Amino acid sequence: AQTVTQSQPEMSVQEAETVTLSCTYDTSESNYYLFWYKQPPSRQMILVIRQEAYKQQNATENRFSVNFQKAAKSFSLKISDSQLGDTAMYFCAFALIQGAQKLVFGQGTRLTINP
Amino acid sequence: KAGVTQTPRYLIKTRGQQVTLSCSPISGHRSVSWYQQTPGQGLQFLFEYFSETQRNKGNFPGRFSGRQFSNSRSEMNVSTLELGDSALYLCASSSGLAFSTDTQYFGPGTRLTVL
């Protein structure tokens with residue numbers, strides 16, 4: 001079974017700062033996907049970024065980028081130039097390539113961006 | 001394109017009752033997954049339906065069941081409600097095909113309270 005661990009329950013930074021959220025996972029599979037989802041107070045889950053395990057290049061989406069270390073089973077999210085609208089719960093998630101659409105989520109990190 | 005819709009948004013039930021939640025996926029999507037979100041257990045996968053067939057199931061008791069209709073709309077049913085079933089129930093839709101080109105889009109959720 002796969003597990004996902006987010007060791008930072010809460011984080012808080014000032015607007016415009018850079019923040020890094022940590023995620024580690026455990027799997028014996030070699031082909032999988034990793035995701036970061038954002039859940040703002042509205043509770044709508046939004047995909048932030050995804051990474052295919054077979055790609056060595058780290059994924060980036062505007063101000064969001066990941067540091068994917070496959071051997072260490074680590075998948076951190078970096079948010080640059082943080083904005084007030086980035087305040088949300090952030091969930092790291094794992095899914096196998098083959099099989100159903102089953103996401104395994106970490107416990108989440110509550111990120112607060114202060115003005 | 002309309003997003004994933006879930007009805008109702010809020011429900012209050014009493015122990016022992018049963019409840020049915022509905023999810024309408026994005027047009028063209030054939031896969032619907034259901035998740036339960038609670039403060040204690042976090043986000044947990046319930047089951048996934050693809051083309052009217054349950055393709056995968058999480059570790060939930062048989063009181064939790066679901067189905068999918070020919071138009072891809074899905075329902076989940078919880079019978080003999082327990083206090084611990086109080087949660088936010090999220091559904092997500094995707095094409096359900098090649099995962100590398102697939103993204104799960106989440107609905108706003110149904111908040112179920114069991115008294």
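Atom set for the values below is all heavy atoms of this structure, side chains included, hydrogens, waters and symmetry mates excluded. All values reported here derive from a predicted model rather than from experimental measurement. Chain A is the first sequence line, chain B the second, and so forth, proteins listed ahead of strands; every chain is numbered from 1.
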Examine whether an atom of [X] lies under 4.5 Å from a heavy atom of chain A, and if so say whether it belongs to the side chain, the backbone or both; otherwise answer neither.
X	value
B:Leu46	neither
B:Gln37	side chain
B:Leu43	both

* Asked: Would you say B:Tyr105 has more than 12 foreign heavy atoms packed within less than 6.0 Å of its OH?
  -> no
* Would you check if the distance from the ring center of B:Phe47 to the ring center of B:Phe45 is below 6.0 Å? => no
* **Residues of residues 106-115 of chain B with any heavy atom under 4.5 Å of a heavy atom in chain A** => B:Phe106, B:Gly107, B:Pro108, B:Arg111
* When you measure from the side chain of A:Gln6 to the backbone N and O of A:Tyr90, does any donor-acceptor pair fall under 3.5 Å? -> yes
* List for me each residue that meets side chain to side chain contact (heavy atoms under 4.5 Å, CB included) alongside B:Asn71, sequence neighbours excluded, and say none if there are none. => B:Phe69, B:Arg73
* A:Tyr32 and A:Val4: same hydrophobic cluster, using ILVMFWY side-chain contacts below 4.5 Å? -> yes
* To do: Decide whether A:Glu52 and A:Tyr33 meet the rule of one side-chain donor and one side-chain acceptor closer than 3.5 Å.
  => no
* Asked: In terms of ring plane angle, is the pair A:Tyr25 and A:Phe94 parallel, tilted or perpendicular, where the classes change at 30° and 60°?
  -> tilted
